[in-house]
Amino acid sequence: MTARHDETLIYFPRGGTGDTTGSVNRHRPRKPRSDGAALGYLKDWQQAVEQVEQASLLPQPPAWWSSRCPCCSPIPEAGLEARDRLETLQRRAGRRAHRLRVALGELDERYLEVTVVDSDAFAAQNWWRRRRLPEW
């Protein structure tokens, strides 16, 4: 397609934009991507895993802690909720989901090493919610 402008010939590529790089459609501008929620969830899960690892290194449990009390558990609920969200995000296809699966796999291995299966947990729960710290 050609267009006349002050007696000069201007060539527009088939995309209709004057941009020959093909990287940005100026009719649909986008804001630059921020870090996004996935990194925040990954950070929360990492903090939860580190907190569980630290609790597992204690020679005896603190006096306030009960492994059966969800309020006193060293496994923070925010970390478990973040892991729930990450599970949804990692099931998507694409490069970002693959990188997320790799990072998540490392954290999951660390979490599995310091926790044991909770026999009282519901079988319908996700595997990370069916784990607890071993009894001292």
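All figures in this text were calculated on a predicted structure; none of them were measured in a lab. All values below come from the heavy atoms of this structure, side chains included, with hydrogens, waters and symmetry mates left out.
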Please tell me if the side chains of [X] and [Y] come closer than 4.5 Å, counting only heavy atoms from C-beta onward.
X    : Y    : answer
R131 : D118 : no
E53  : E113 : no
W128 : D108 : no
R132 : V116 : yes

Can you tell me how far the [atom1] atom of [X] sits from the [atom2] atom of [Y], to the nearest 0.5 Å?
X    : Y    : atom1 : atom2 : answer
N126 : L80  : CG    : CG    : 9.5 Å
W45  : L86  : CH2   : CG    : 9.0 Å
L42  : R83  : CG    : CZ    : 10.0 Å
L112 : L107 : CG    : CG    : 11.0 Å
D44  : L39  : CG    : CG    : 11.0 Å

Using a strict cut-off of less than 4.0 Å between a Lys/Arg side-chain nitrogen and an Asp/Glu carboxylate oxygen, indicate whether E87 and R91 qualify as a salt bridge.
yes
Are E81 and R129 within salt-bridge range, i.e. N to O under 4.0 Å?
no
Which heavy atom of Q51 sits nearest to which heavy atom of P76, and what is that distance?
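Shortest heavy-atom separation between Q51 and P76 comes out as OE1-CG, 3.5 Å.
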More than 12 heavy atoms from other groups under 6.0 Å of CZ on R101:
yes
When you check the side-chain N and O atoms of E50 and Q46, is any donor under 3.5 Å from an acceptor?
yes
Apply side chain to side chain contact (heavy atoms under 4.5 Å, CB included) to R110 and E106, showing your working.
CA-CA 7 Å; R110 289 170 48 191; E106 295 170 3; 5.7 Å; no
